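To start, the structure itself, in structure tokens.
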Amino acid sequence: MPGVIQLRTEIPGPASRALLARRALAVPRGVPAVTPIAIVHAEGAVLTDADGNRFIDFAGGIGVVNTGHRHPGVVAAVRAQLDRFAHVCFPVSTYEPYVELAERLNRITPVAGEKRTFFVNSGAEAVENAVKVARAFTGRPAVVCFEHGFHGRTNLALALTSKVMPYKKGFGPFAPEVYRIPFPYCYRCRAGGQGGGGAARGCCMASRRYLDELFHATVDPESVAAIVMELELGEGGFIPAPADFVRVLAAFAREHGILFVADEIQTGFGRTGRLFACEHYGLAPDLIVTAKSLAGGLPLAAVTGRAEVMEAAQVGGLGGTYGGNPLACAAALAVLDAMEAERIPERAQRAGDRIRARFCHWASRHSSVGDVRGLGAMIGLELVTDRESRAPDKALTGRLLSAALERGVVLLSAGTYGNVVRVLAPLVADDALLDEGLDAVEAALEAVAGESGQSG
Ligand SMILES: Cc1ncc(COP(=O)(O)O)c(C=O)c1O
């Protein structure tokens with residue numbers, strides 16, 4: 001059986017190179033070009049570039065197309081909505097797709113009790129709005145976030161984001177009243193633990209100590225409106241928080257009237273093997289922010305929260321011109337149908353088991369693989385110069401990504417040190433496609449780890 005990957009030219013081919021040359025003169029370099037290819041078509045988990053090369057997509061538009069590119073239900077729903085109207089502005093005139101989508105998110109999100117949802121355009125905007133709502137409800141200014149966290153590129157979201165290069169350098173001053181504590185990153189435990197695999201090995205409680213220290217030395221918990229947390233870090237390197245740590249944190253927040261905001265922008269909509277990562281932790285956050293795979297490729301983000309919290313913001317305090325655009329809402333309703341009908345979270349768990357098995361096999365063969373971890377299909381592979389020092393190997397990660405692309409797989413890195421390989425393949429990819437992609441990445445790893453003498 002011929003595979004899906006089809007490479008007709010060198011990568012990038014001449015047509016891709018030509019468009020990237022135009023891009024360099026028209027678009028600032030601050031908007032990165034992570035791969036040098038120009039895409040003309042995408043379907044399911046397959047991308048076709050301007051030179052007719054076919055790639056397997058392990059990036060999924062950075063976690064946006066869990067239901068696959070051009071899911072037929074999504075395409076049909078958007079077309080049908082476009083035939084009715086594309087925009088009227090929800091604060092001006094009410095339309096049903098917005099209301100129905102809010103109702104559905106209120107039903108399926110793990111927030112407890114009566115809920116409300118409103119829509120904005122991007123993940124960063126959703127995070128900012130969740131903080132606004134939390135401040136309005138509590139009357140408190142401060143927000144607690146985590147090292148290695150990523151919450152977006154707008155000013156407050158950037159204040160909550162942890163990585164200096166490239167996200168923060170030169171862009172300050174940042175919003176005040178943001179306090180950061182260490183994320184329980186077991187593989188690089190600050191307390192000297194030797195954890196890995198994303199599992200709690202006793203080191204997680206050290207992070208609780210950091211929390212106590214913060215509230216004794218730096219900020220009064222009674223002035224904290226919210227704790228904003230990714231339960232598994234996305235950009236930070238696919239690091240799941242140990243369950244004990246989340247339990248202690250949630251209890252502390254409850255005790256001090258601090259709202260828990262779960263940022264499920266990357267973990268959401270099936271990626272972790274559950275619809276939401278909160279479900280792995282038995283966590284009912286006060287607010288949950290979602291975006292990315294919510295609308296199958298259209299820009300849409302949501303803030304869902306306890307009704308009494310959400311109703312604290314005054315009339316006119318929330319919203320925006322495009323938030324909850326009808327095309328995006330129609331797409332999201334079709335995504336939620338597909339999530340249910342096609343049992344996407346279960347498929348994610350199976351795909352994740354497959355990916356993890358391959359990653360663990362690579363770990364047994366290559367000393368450059370330091371850690372394999374993650375929930376469901378949100379699996380990361382951390383590359384190091386050697387297992388003794390655990391020094392991050394960003395250069396090797398870069399070479400691996402290039403080698404994978406040359407073999408027909410679009411793959412992304414993550415992590416504060418740029419040394420984590422992450423798979424965000426559409427969750428509709430079947431086993432054969434997944435295996436073909438993993439075979440190509442394995443060949444790439446053999447080539448680059450072999451080059452640097454790290455095999456065996
Ligand atoms: C966890 C998390 N929060 C927030 C964001 C920001 O989302 P957006 O890029 O849509 O603003 C991202 C984007 O990668 C994310 O992964």
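What's counted below: heavy atoms across the whole structure, side chains too, no hydrogens, waters or symmetry copies. Computed from a predicted structure; not experimentally measured. Order of appearance sets the numbers: ligands from 1, and atoms from 1 within every ligand.
- No donor-acceptor contact under 3.5 angstrom links the side chains of His151 and Glu235, judged on distance only.
- Atom 10 (O) of ligand 1 has Gly123 N, 2.8 Å as its closest protein atom, hydrogens excluded (heavy atom only).
- Ligand 1 places these atoms under 4.0 Å from at least one heavy atom of Glu230: 1 (C).
- Ring orientation note: the planes of Phe245 and Phe146 are nearly perpendicular, at an angle over 60° on the 30°/60° scale.
- Note: an N/O pair closer than 3.5 Å links Asp263 and ligand 1 by distance alone.
- Using a 4.0 Å cut-off between charged side-chain N and carboxylate O, Glu114 and Arg306 make no salt bridge.
- Protein heavy atom nearest atom 14 (O) of ligand 1, with residue, atom name and distance: Lys292 NZ, 3.0 Å.
- Residue-level proximity to ligand 1 for Arg153 is absent, since no heavy atom of it falls below 4.0 angstrom.
- Ligand 1 has an N or O atom lying under 3.5 Å from an N or O atom of Ala124, backbone or side chain.
- A perpendicular orientation is assigned to the rings of His148 and Tyr417, their planes being inclined by more than 60° (bins at 30° and 60°).
- Aromatic ring pairs are classed by plane angle as parallel below 30°, tilted from 30° to 60° and perpendicular above 60°; the pair Tyr98 and Phe90 is parallel.
- When the options Arg350, Arg343, Gln349 are evaluated for a side-chain hydrogen bond (donor to acceptor under 3.5 Å, both in side chains) with Glu346, the one that passes is Arg343.
- Residue-level proximity to ligand 1 for Ala291 is absent, since no heavy atom of it falls below 4.0 angstrom.
- Here the heavy atom of the protein found nearest to atom 16 (O) of ligand 1 is Gln266 NE2, 2.8 Å.
- Atom numbering of ligand 1 starts at 1 in the shown order; those under 4.0 Å from a heavy atom of Ser122 are 10 (O), 11 (O).
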